[in-house]
Amino acid sequence: DTPEERYLKSSLRPDFHWGFATAAAQVEGAAFTHGKGLSCWDTFCHIPGKIKDSSTNDDSCRSYDFYKQDVALMKSYGVTAYRFSLAWSRIIPLGGADDPVNEEGIKYYSDLIDELLANGITPFVTLFHWDIPQTLEDRYLGMLNQERYTPDFLRYARLCFSRFGDRIKHWITYNEPGVYTLAGYAAGVHAPGRSSFRDRNAEGDSSTEPFIVAHTELVTHGLAAKLYKQEFQPTQKGTIGITLHGNWSEPWDISDLLDVAAAERAREFEIGWFAEPLYGSGDYPASMRAQLGDRLPTFTEEEKRLVRGSSEFYGMNTYTSFFVRHRDSPPDINDHKGNIEVFDKNKSGVSRGEESDTQWLRTAPWGFRKLLRWIWNRYHIPIYMTENGTTAKGEKEPSDTILNDTHRVEFFRGYVGELAKAVKEDGVDIQSYFAWTFTDNWEWAAGYTDRFGVTYIDFDSPKKTRYPKRSAYFLQDFFSHLIAE
Ligand code: PNW
């Protein structure tokens, strides 16, 4: 043990959950079989030019077929929990409130849950990890239409609570509402691919749509949480919340008050956008209202009451940290970040961290503890770390160096170490940690080029053969030290 490991020994609570997180559209495969309907990603990835390596998620990791093998492998990694998402279109193929249920899809998830429980692994379930049924996009443009979307989402949520809630005690309504809406309706690089500035031929109005979709997510999260608490929680005794994405924004020049304000504004645009209505004032941050005016939707009093306090924990995904600088020019109509500029180095030339295979992602655990403290000081709510992880440079072809993934090991050593310090020294209440991710998978628009797994997958092999990397065993060893007995 290093002195730091000895110092941090047993700093996490005995019932701390750790494991891996995945998303249905990235791992399951079986995209068009066993009664499943199309999701927005099943259509999007078949449009030429949308996915970097022209791949699709038709098969991806085939975890639909190999879930038993996966649970066994996870168990060998020593996890105590597994976070996965349900594919709405596998459960209700056409998605709508009056559309038929696919019992085969229900059975798949039910079997997966039973397999996890039989192996002593606690399931955490995400209802929505970006794969809206395509039919709902075709019928009414999905979440752009809050009125029509609401009953469809609530029926889906109710069905999941009633069919799985006897065994699921941790529910997450939405994964990263902010990334979903900015990538899908601003940058347009994710489904449904709407953008008014990236591609002149694309449909959409990026100056308003991302905020409308976010509003729909917040309000329907509130409605689903209320439904769960009223009708299911009294007997099922589970907990329900939401997962937000947030990277740390650090001032480029710490002695420049404009940069200090810009970094705070960046955090409010990225995190406060959702966290303030959910855990804070009950409304969007004042900095957002000031810049966006009427382009930001307004909560009715009823919606405010519904959203505020609805999430019983703070689900946190974080991957990296950035340096942020004040911008003098007035904000662009398509700005969603608080009129800031983002840098890899600060004014003194200090780098934010080591590069990975993913352009935006660098190892920057120095910002993680600041982020945890920022959230904790503002909201004082238990935190579930629901995603954190990295790709590694050049991890393309199978080789000994890939399986000996030092870059990823050092990423986790840094991040999990900072987490333990935040618990031990800052008193932050953190109850779980899910690494992203269990195996290499289909990384959305990056296809199979970005490998986030602690398990290597040979995607050319028919059985998608899995090979453990060293980081899998590192996490097992590290958590066995950190979690108190
Ligand atoms: C998350 N960023 O997305 C998602 O929840 C996962 O499905 C995804 O595979 C994983 O992180 C890795 O990308 C993010 O630009 C996408 O900061 C982009 C960002 C963060 C998270």
Side-chain angles (χ1 to χ4, degrees), residues 20-28 39-41 44-45 51-52 55 57 60-61 63 83-87 124-132 172-191 210 217 242-250 266-267 269-271 273-274 315-324 336-337 340 342 344 352-353 355-364 367-368 371 384-392 395 408 411-412 415 434-455 457:
F20 299 96
T22 64
Q26 296 181 270
V27 301
E28 283 182 359
S39 82
C40 63
W41 277 97
F44 188 74
C45 73
I51 309 299
K52 192 164 153 190
S55 66
N57 68 347
S60 60
C61 309
S63 70
R83 171 181 176 238
F84 62 96
S85 81
L86 308 175
F124 283 50
V125 168
T126 311
L127 288 177
F128 184 82
H129 198 126
W130 304 355
D131 47 352
I132 190 171
I172 294 159
T173 54
Y174 285 99
N175 178 71
E176 299 184 348
V179 176
Y180 177 72
T181 192
L182 289 181
Y185 297 81
V189 294
H190 282 190
E217 293 181 281
I242 193 168
T243 278
L244 305 181
H245 177 260
N247 291 322
W248 178 250
S249 291
E250 179 79 4
R267 288 171 217 134
F269 269 70
E270 185 183 15
I271 303 170
W273 180 8
F274 301 92
M316 181 191 288
N317 292 358
T318 195
Y319 286 85
T320 194
S321 308
F322 288 97
F323 295 113
V324 162
H336 308 90
K337 294 185 165 179
I340 49 122
V342 163
D344 287 333
R352 66 190 178 98
E355 289 175 39
S356 67
D357 248 2
T358 305
Q359 199 263 325
W360 52 267
L361 205 173
R362 292 185 180 212
T363 304
F368 180 35
L371 174 67
Y384 290 5
M385 285 304 306
T386 43
E387 281 180 31
N388 174 237
T390 190
T391 55
E395 225 179 49
R408 188 173 289 98
F411 180 98
F412 285 133
Y415 275 84
F434 293 91
W436 187 271
T437 178
F438 173 52
T439 66
D440 295 338
N441 67 29
W442 192 69
E443 175 57 21
W444 309 111
Y448 297 107
T449 64
D450 282 24
R451 294 174 175 271
F452 275 89
V454 301
T455 311
I457 289 197

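Whatever order the structure lists ligands and atoms in, that order sets their numbers, starting from 1.
Side-chain atoms of T386 and N317 form a donor-acceptor pair, as typed in the model, at a separation below 3.5 Å.
A perpendicular orientation is assigned to the rings of Y319 and F452, their planes being inclined by more than 60° (bins at 30° and 60°).
Residue-ligand proximity, N247 to ligand 1, at heavy-atom distances under 4.0 Å covers atoms 17 (O). Ligand-side atoms of ligand 1 in range of Q26: 6 (C), 7 (O), 9 (O), range being under 4.0 angstrom from any heavy atom. Under a 4.0 Å criterion applied to the non-hydrogen atoms of F452, ligand 1 contributes the atoms 12 (C), 13 (O). Within the listing of ligand 1, atoms 16 (C) sit less than 4.0 angstrom from a heavy atom of V179. When each atom of ligand 1 is checked for a heavy atom of H129 under 4.0 Å away, the hits are 4 (C), 5 (O), 6 (C), 7 (O). Of all the atoms in ligand 1, the ones that sit under 4.0 Å from a non-hydrogen atom of N175 are 5 (O).
Proximity annotation for atom 14 (C) of ligand 1: of E270, E176, E443, E176 comes nearest, heavy atoms only. Of the candidates W436, W360, F322, the one placing a heavy atom closest to atom 15 (O) of ligand 1 is W360. Nearest to atom 11 (O) of ligand 1 by heavy atom, out of Y319, W444, Y180, is Y319.
For the ring-ring contact (aromatic ring centres under 6.0 Å, His included) test, no residue two or more places apart in sequence or in another chain qualifies with F412. Partners of F434 according to the ring-ring contact (aromatic ring centres under 6.0 Å, His included) rule, which considers only residues two or more places apart in sequence or in another chain, are F124.
Of the possible donor and acceptor atoms, none in the side chain of R451 sits under 3.5 Å from a partner among the backbone N and O of A392. For T455 (side chain) and F438 (main-chain N/O), a donor-acceptor pair under 3.5 Å exists by modelled atom type. Between the Y448 side chain and the S60 main chain, a donor and an acceptor come within less than 3.5 Å of each other.
Of the protein's heavy atoms, H245 NE2, 3.0 Å lies nearest to atom 20 (C) of ligand 1. With hydrogens left out, the protein atom closest to atom 4 (C) of ligand 1 is E387 OE1, 3.4 Å, a heavy atom.
Across every non-hydrogen atom of R352 and W360, the tightest pair is NH2-O, 3.0 Å.
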